[in-house]
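Chain naming here is simple, since letters A, B, ... match the order of the sequence lines and numbering starts at 1 in each.
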Amino acid sequence: MPELPEVETICRGLAQRIPGRVVTGVVTRRSDLRWLIPHETLVDLLPGETIVAVNRRAKYVLLVLPVGTLIIHLGMSGLLRVVPGGEPPGRHDHLDILLDDGYCLRLTDPRRFGAVLWGGSQPLNHPLLVHLGPEPLLDSFNGSLLHALSVGRRRPVKSWIMDSRVVAGVGNIYAVESLFVANIHPGRPVHTLDWEACQRLALAIKDRLQAAIIQGGTTLRDFRQSDGRPGYFQQSLRVYGREGMPCLTCSTPIKSLRLGGRSSPFCPVCQPGP
DNA sequence: CCGGACGCCTGTCGGC
DNA sequence: TGCCGACAGGCGTCCG
């Protein structure tokens, strides 16, 4: 579910809501997510700690406390919301972090592809985070970097920009939308992209991610911001979910490929190739 | 080293 | 109405 814009939306919501709150308890109802939730560690370390900040790296939420940082990944179906402490949990509500204002930070994840990890004092050095590529919204990510990395790579460009070592946080929706904006065919081998195409691609990725963040992310079915409101970027999607429908630019029916097992819609006229 | 397939798990939807 | 397969926003691991 959540790609970078959705995770950023959640982080921004939490950042204006929970810093300054003190953790009063931790309730784990199911710990078998992608990896076991380190419940004992959380119970030992978190109660009494004041939440200092909520940050994001790639699609990871970083909950910063004086004693260390809690790392949360939402996988495919995760939600992170602040709900009243008395709200009865549903069957997919796996973790509650109780706060001193009577509310709790609740992790919901039906498919359990998400993860809760203890990051200690150097969370960016955690094995799952240490090899992540650049943040796409920073200046360190740009077309020149993409072009330098593209040398000798034969993979389809769409799979390549979804590789978190190349750029962090781009998932299926935004990969597809960015390639449409950049007028690049999703199946095009990376080494065939010239400097110009790499510039267009980097700018398109920044543009689509930024636009989605402004709209509060994409709610296809169940994504919610940390306060429960949906996102609105689904109304701005140009090719995702539009297979067979007319291209919004040229009216040609949208086609779709499967790349890496993921649907990859594109306009055969606006995105010629491979 | 590189690229692609698999598997984890639950829910939903379309076709018969 | 019920059943069954396909598919869904991610990603570490394994295999050729």
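- No engagement by W160(A) is indicated, since no non-hydrogen atom pair under 4.0 Å with the nucleic acid exists.
- An OP1 or OP2 oxygen of dG11(B) is reached within less than 4.0 angstrom by a side-chain nitrogen or oxygen of R91(A).
- The side chain of R153(A) places an N or O atom within less than 4.0 Å of a non-bridging phosphate oxygen (OP1 or OP2) of dC2(B).
- Taking only side-chain nitrogens and oxygens, K59(A) comes nearer than 4.0 Å to OP1 or OP2 of dC11(C).
- Across all strands, R165(A) comes closer than 4.0 Å to no nucleic acid atom at all (heavy-atom distances).
- A sub-4.0 Å separation between OP1 or OP2 of dA8(C) and a side-chain N or O of R258(A) is present.
- For the pair R34(A) and dG12(C), the criterion of a side-chain N or O lying under 4.0 Å from OP1 or OP2 is not met.
- Distances shown here put a side-chain N or O of R262(A) below 4.0 Å from the OP1 or OP2 atom of dG9(C).
- Contact check, S263(A) against dA8(C): a side-chain N or O comes under 4.0 Å of OP1 or OP2.
- Here the straight-line distance linking atom OG of S236(A) with atom CZ of F233(A) works out to 5.0 Å at 0.5 Å rounding.
- A sub-4.0 Å separation between OP1 or OP2 of dC9(B) and a side-chain N or O of H92(A) is absent.
- Looking at H126(A) and I71(A), their side chains come closer than 4.5 Å, going by heavy atoms from C-beta outward.
- If you check every strand for non-hydrogen atoms under 4.0 Å, Y240(A) touches sugar and phosphate atoms only.
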